[in-house]
Amino acid sequence: MFRKILIANRGEIAMRVIRACRELGIRTVAVYSECDRHALHVRFADESVCIGPPQARQSYLNIPAVISAADITRADAIHPGYGFLAENATFAEAVNAHGMTFVGPSPEHLRQFGDKLSAKAAARAAGLPLLPGSHGAVDNLDECVEVARLVGFPLMLKAAAGGGGKGMRVVEDEDQLRKVFAVTSAEAVAAFGSGAVFLERFLRTPRHVEVQFAGDRFGAAVHVGERDCSMQRRHQKIIEEAPAPNLAEGLRDRIRSAAARLVASTGYVTVGTCEFLVQDDEFFFLEVNPRIQVEHPVTELVTGIDLVQLQIRLAAGEPMPFAQSEVRLRGHAIEVRVNAEDPWKFTPSPGRVTGYHAPGGPGIRIDSAIHEGAMVQPYYDSLAAKLVAYAPDRESAIRKLLGAMDEYVVEGIRTSLPLQKLLLADPAFSAVTFHTRFIDEWLRSRPG
Amino acid sequence: MFRKILIANRGEIAMRVIRACRELGIRTVAVYSECDRHALHVRFADESVCIGPPQARQSYLNIPAVISAADITRADAIHPGYGFLAENATFAEAVNAHGMTFVGPSPEHLRQFGDKLSAKAAARAAGLPLLPGSHGAVDNLDECVEVARLVGFPLMLKAAAGGGGKGMRVVEDEDQLRKVFAVTSAEAVAAFGSGAVFLERFLRTPRHVEVQFAGDRFGAAVHVGERDCSMQRRHQKIIEEAPAPNLAEGLRDRIRSAAARLVASTGYVTVGTCEFLVQDDEFFFLEVNPRIQVEHPVTELVTGIDLVQLQIRLAAGEPMPFAQSEVRLRGHAIEVRVNAEDPWKFTPSPGRVTGYHAPGGPGIRIDSAIHEGAMVQPYYDSLAAKLVAYAPDRESAIRKLLGAMDEYVVEGIRTSLPLQKLLLADPAFSAVTFHTRFIDEWLRSRPG
Amino acid sequence: MDRKEMRELVREMKRAGVGEFTWRSGEFKLHVRFAGEGSALPAVVAAPLAPAAAAPAAVPLPPKAEAKPAADGRAIRSPIVGTFYRSPSPDAPVYINVGDRVRKGQVVCIVEAMKLMNQVESDIDGVVAEILVENAQPVQFGQDLFRLTSG
Amino acid sequence: MDRKEMRELVREMKRAGVGEFTWRSGEFKLHVRFAGEGSALPAVVAAPLAPAAAAPAAVPLPPKAEAKPAADGRAIRSPIVGTFYRSPSPDAPVYINVGDRVRKGQVVCIVEAMKLMNQVESDIDGVVAEILVENAQPVQFGQDLFRLTSG
C-alpha cells in the first residue's frame with residue numbers, strides 16, 4: 001500500500017481523497033494555487049505545496065509543477081480526482097515515468113476511452129448495444145448524408161474527441177445536415193484539436209443510466225450497481241440517484257452485466273463508470289468515465305462500499321476485496337450538486353461565503369469545500385458542495401432531501417438549490433417521467 | 001397517523017424530531033423559552049410558541065404551559081424528547097387527559113420504570129439476572145447491615161428514585177456503611193423526594209451495555225441490537241458505540257433476548273432501552289430508560305432503522321413494521337457527545353459560538369443544535385452536538401471519527417472534543433479493555 | 001506618532017475587540033481593519049441565521065411582542081401561554097375597552113390554559129390605547145395584549 | 001488625547017453598545033468600528049478558520065514567502081516548484097553569494113523540476129543580502145529564494 005499520496009486537485013474531491021487516505025493510514029500532500037492558500041484541502045492534508053498562480057493551466061493543469069510537488073514531498077502515488085488531469089494519458093504516463101503510481105487506469109485505457117470512436121469499438125467488441133450510426137468517423141458530407149439516410153432523422157452529429165456535453169449537435173433533416181456538417185467539424189478542430197465527427201441516432205426522451213464498475217490486476221471485474229443521472233441542465237448533471245428507479249423488467253440486470261463485461265474484456269483496473277442512454281426497454285452504450293465521478297456518493301450509501309478507498313487499493317495492486325455476489329444494495333440515495341451559480345441562468349456566482357450552515361441528522365451526507373468565510377474562486381468549476389440523502393426507499397429519500405435543502409444556508413453567493421428544490425418537488429420527479437432534456441424543457445415552460 | 005406534533009424539548013433532539021416528522025409528513029410545533037427565540041428548532045419547526053422565561057422550571061418543565069401550547073396550536077401528539085418531561089408520568093397523564101397522545105410509553109410504564117425497585121421487580125419477573133442485593137428498600141441501618149453481610153463488600157447504596165448516576169454511593173466496609181446510611185437516605189429525600197434506598201453488589205470494572213428495544217400495542221416485542229456506553233465521566237456517557245465490541249461467546253444473544261423478554265412481559269409500547277452491567281461473561285439488569293436516548297444514532301446507523309420515526313409510528317398505534325429476524329446489523333458506529341464544557345474539569349462552557357465548521361464526507365453524521373453565531377445557553381444541559389462515524393468495521397470507524405474530530409471547528413466555547421480525541425486514540429479503547437470507571441481513573445493517572 | 005506607538009495602538013485596539021478603526025492626526029492617517037486572524041473578531045450574530053430561500057411554512061400564531069412593539073413601550077403582556085378572552089364568560093361584558101383607565105392590579109382579561117381561566121392583572125397604570133389581540137385567539141408567553149398610554 | 005484616554009473611550013463606547021464612532025478634536029480624528037452587533041461588519045475572513053485543537057501534522061516543506069518576508073520587500077522568488085540548487089552542478093561554483101551584486105536577467109540559481117534543470121534569472125537589480133533556502137532543498141511556487149537590498 002502507498003505511504004503518501006499527492007492529490008492533484010482541489011475542492012470537495014480533494015477533501016474526499018484526504019478522508020479516504022486518513023482511514024487507510026496513508027499520508028497526504030495537497031497542492032494548491034496561490035488563491036487556494038486557505039482552502040480546506042490545504043488545511044487538512046498532512047503537507048501542502050503551492051504549485052502556481054490561480055489560472056488552472058499554470059497550476060492544477062501544470063504537469064511539471066504537479067510532478068515536482070510529488071517529487072519534493074516524496075509521494076509514491078498521485079490521485080487526480082475528477083476534472084483537471086484525471087483523464088490525461090500524458091499525465092498518467094509522466095507519473096509512471098517518475099516512479100510513482102497514477103491512482104486510476106493505465107494511460108492506454110485513458111486513451112482508449114478518451115476517444116469516443118475507440119470507446120465505441122471496445123464496447124462493440126464486448127457485445128454492448130450501440131446507437132445506430134456511423135461505425136467510425138465520417139470523412140465528408142457525401143458519406144455523412146449516405147449514413148444519415150440509413151440511420152434516419154433526427155440524429156446527432158458528434159465530435160469524436162468531445163465529451164461532457166460539448167461538441168454535439170442535433171440534426172433534424174438532410175437540409176440541416178448539409179448546412180451544419182462543415183461547421184461542426186471546424187468547431188471540433190477548434191475545441192478538441194481534431195475535426196473527426198460521427199453520427200448517431202438521436203433519442204428524444206432518453207434517461208441517463210450509468211453503472212459504477214471496478215476491476216483489479218488479476219482480472220476481477222464487478223459492477224457496483226447503477227445510478228440515474230437524467231436530471232441535467234445543459235448536459236450537466238445536477239441531481240443523481242441510486243439505484244435507478246423504475247427500469248423496465250430485466251433491464252437493470254442487463255445494463256449492469258453489460259458494464260461488467262466491458263471491464264472484463266478490456267482489462268480495466270481501478271474504478272470507473274459506463275454510461276448508457278435508456279429509452280423504454282432498450283439501452284445503448286454512451287461512453288466510459290475512467291475516473292471517480294462527482295456522483296459516486298449515492299453508490300457508496302446504498303452499497304456500503306467506500307469507492308475512493310477501493311480505487312486506491314486497486315491502484316496499489318490489491319485484489320478486489322469482494323465478489324460480485326457480495327455487492328448488496330440497501331435503501332435509496334439522492335444527491336444534489338450545490339453549484340455556486342445563478343439557479344435560473346446558470347451563470348457562475350463566485351465570491352465570499354458570508355454565512356454557512358449545513359443540514360444534518362440521520363441519512364444526510366455533506367461533501368463540501370466551503371464554510372463561513374470561504375472564498376468560491378472564479379477560476380474553477382462551480383461545484384461548492386454535495387448534499388446527499390439516504391433513506392430506506394425513494395419516497396423517503398426525496399422527503400429527507402427536501403427537508404435538508406430547506407435547512408441548508410449558504411449566504412454571500414447564489415446556489416443552484418432553489419432550482420433543485422422545485423425539481424425534486426415536481427410530480428415528474430416522483431413519477432420518474434423525466435429524461436435528459438427534462439430540465440431544459442421545464443425551464444422553458446416556466447411562466448416568467 | 002398524527003397530523004401535528006408538538007415537541008416539548010429544545011436542542012439537537014428537537015431538531016431530530018422535526019426531521020423525523022418532516023419525513024412522515026407530520027407538521028411540527030416548537031416550544032421555546034425566551035432565550036431560545038433564535039434557536040434552530042424554532043426556526044425549522046412549522047410553528048413555534050414561546051412558553052416562558054429561560055429557567056426550565058418555568059418553560060420546558062412547565063406542564064400547563066406546554067399543554068396550552070399544544071392546545072392553541074391544535075397538536076394531536078406531544079413528543080417529549082429526552083430529559084425535561086420525558087419520563088414524567090404526571091405529564092404523560094395530562095397529555096392523555098387533554099385528548100392528545102404522549103409519544104412514549106404509558107404513564108403506568110413510566111412509573112414502573114421510574115422507580116428502581118419496581119423496575120427491578122419487573123426485571124426479576126421476566127427472568128432477567130439482577131445484581132445480588134436487597135430485593136427492595138432497606139428501612140433502617142440494622143436491616144441494611146444484615147443484607148450487606150449477605151451480599152458482601154464492596155457494595156453500592158442507591159436511592160430508589162435516583163437515576164442518571166445520581167444518588168449512588170460505593171461502600172467499602174461495614175464501618176463506612178454505618179457512617180453513610182443516614183446521609184444517603186437524607187440526600188435522597190432532598191434530591192428525589194423519597195428517602196428509600198437499597199443495596200447492590202458493587203462491580204469494580206463493569207462495562208455498560210444497553211439494548212435498544214421496541215414494542216407495539218399488539219404484543220410485538222423486539223430488540224434492535226445493543227450499544228456499549230462504558231466510556232463515562234462522572235457517570236455521564238460521552239462515547240457510545242454499536243454493536244458492543246468483544247462480548248464473551250453467546251453473551252450478546254443472551255443480553256438481547258433478555259431485553260426483548262422484558263418488553264414482552266411488561267407490554268411496553270414504543271421504544272426504550274434496557275441497561276445492563278457486564279462483567280466478564282455475566283450480565284446484570286441495571287434499569288430501563290423509557291424514552292429515546294441521546295445515543296440512539298449509533299443503532300440507527302448499523303440497522304438502517306429510523307428509531308424516532310419508529311417511536312412515532314408505534315405511539316400512533318401502528319403495528320411493528322418489521323420482525324425480529326429482519327433486524328440486521330451492518331458495520332460499526334461510534335458517537336461522541338460534543339458537550340459545551342471544559343474537557344478536563346467538566347465545568348459548563350456556555351456562550352456564543354463564534355466559529356463553527358462541521359466535518360463531512362462518507363459515514364459522518366452530525367446532529368447539532370449549534371451554528372456560527374448560536375448561543376449555548378447556561379440554563380440547560382451542555383450537549384451542543386453529536387458526531388457519529390459509521391464504517392464497515394470498528395477500527396475504520398475509530399479512524400474515521402478521529403479524522404472527523406480533527407476537522408471539527410467550534411470556537412467561542414470550550415468542548416469535550418480534546419478529551420474524546422485522546423480517549424479514542426488510547427490503546428485501551430482499541431483493545432476494549434475499558435469499563436465504566438475507566439475515564440475517571442485515566443484522568444487521575446494523567447501527569448499534570 | 002512613531003512606529004512603536006503605532007504598533008501599540010493597533011495592539012490595544014485589537015485587544016479591545018475593535019474591528020476597524022481610523023486614526024488621523026494632522027496629515028497622518030492610519031486605517032486598520034482586523035480581518036479574521038483566526039478569530040480576532042468575535043463574529044457576534046445577535047440575529048438568527050437568515051432564512052434559507054424557502055422559509056418554513058407560515059406560522060399561524062400571531063407574531064410576538066417585538067413584531068409590533070407598543071409605541072411607547074408600555075404594554076400589558078401575557079404571563080402564560082393560552083387562549084385570550086376579553087370577558088369572564090361569553091355573555092359577560094368585556095373587562096376593558098379602548099379609552100378605559102386601567103390601574104395596576106386590575107383584572108384586564110382572561111388567558112385560558114389547560115381549561116383553567118387565569119385572570120390577568122395589569123402591572124401598570126394607564127389608558128387603553130389599543131387591544132392587540134382578538135377575543136378567543138391564542139397568545140404566547142410574553143405577548144403584548146394591550147397597549148397603554150400614560151393618558 | 002493620550003493613549004490611556006483613547007483606550008478608555010473605546011472601552012466606554014463598546015460598553016455602550018456602539019457599533020461605530022468617530023471622535024474628532026482639532027486635527028486629531030479617531031474612527032472606530034466594532035465587529036459584530038448583528039452583522040455590521042461583513043465578516044471578511046482573510047485567514048482560514050483557526051485550526052482545531054489538534055493541528056494537522058507539521059509540514060516538512062519550508063514555509064512560503066509570507067512567513068519570512070524580505071524586510072524591504074525585494075526578493076527573488078521561485079517561478080516553479082522543485083529543488084533549489086545554488087550551482088549548475090555539484091562541483092561547480094555557486095552562481096551567487098551574499099554581498100554579490102545581481103543584475104536583472106542574471107542567472108542566480110537552478111530549480112530542478114521533473115529532472116529538468118531550470119535556470120532562474122533575477123527579475124530585479126540589487127545586492128544579495130541573504131540566501132533564504134539551503135542548497136538541494138525543496139521550494140514551492142512563489143517562495144522567496146534570495147533577499148536583495150538596493151545596495
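Each chain gets a letter, A, B and so on, in the order the sequences are listed, and its residues count up from 1. Since the structure is predicted, the reported quantities are computational estimates derived from the model, not experimental observations.
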In sequence, state the C-alpha distance, the side-chain angles, and the governing distance for B/Arg43 and A/Val409, and then conclude on side chain to side chain contact (heavy atoms under 4.5 Å, CB included).
CA-CA 12 Å; B/Arg43 180 167 164 191; A/Val409 177; 3.4 Å; yes

Chain A contact via B/Glu23 - side chain, backbone, both or neither, heavy atoms under 4.5 Å
both

Can you tell which part of B/Ile305 gets under 4.5 Å to a heavy atom of chain A, answering side chain, backbone, both or neither?
neither

Chain B heavy atoms under 4.5 Å from A/Pro362: which part of the residue, side chain, backbone, both or neither?
both

Chain B contact via A/Leu401 - side chain, backbone, both or neither, heavy atoms under 4.5 Å:
neither

Which atoms of B/Ala404 approach chain A - backbone, side chain, both or neither, heavy atom under 4.5 Å
backbone

Pair A/Glu407-B/Phe44, side chain to side chain contact (heavy atoms under 4.5 Å, CB included): steps then yes or no
CA-CA 7 Å; A/Glu407 287 182 30; B/Phe44 288 116; 3.8 Å; yes

Distance in Å, A/Ile364 CD1 paired with B/Ile364 CD1, rounded so as to fall on 0.5 Å steps:
14.5 Å

Identify the two heavy atoms, one from A/Pro392 and one from B/Gly304, that lie closest to each other, and give their separation to 0.1 Å.
CG-O, 4.3 Å

Can you see which heavy atom on B/Leu40 is nearest to which on A/His357, and at what distance?
CD1-NE2, 3.6 Å

Are the side chain of B/Arg19 and the backbone N or O of A/Gly360 linked by a donor-acceptor pair below 3.5 Å?
yes

Heavy-atom nearest pair, A/Gly361 first then B/Asp367, reads CA-OD1, 3.6 Å

Against chain B, residues from residues 326-334 of chain A with at least one heavy atom under 4.5 Å, in numeric order, are A/Arg328, A/Arg330

Where on A/Leu24 is there a heavy atom nearer than 4.5 Å to chain B: the side chain, the backbone, both, or neither?
backbone

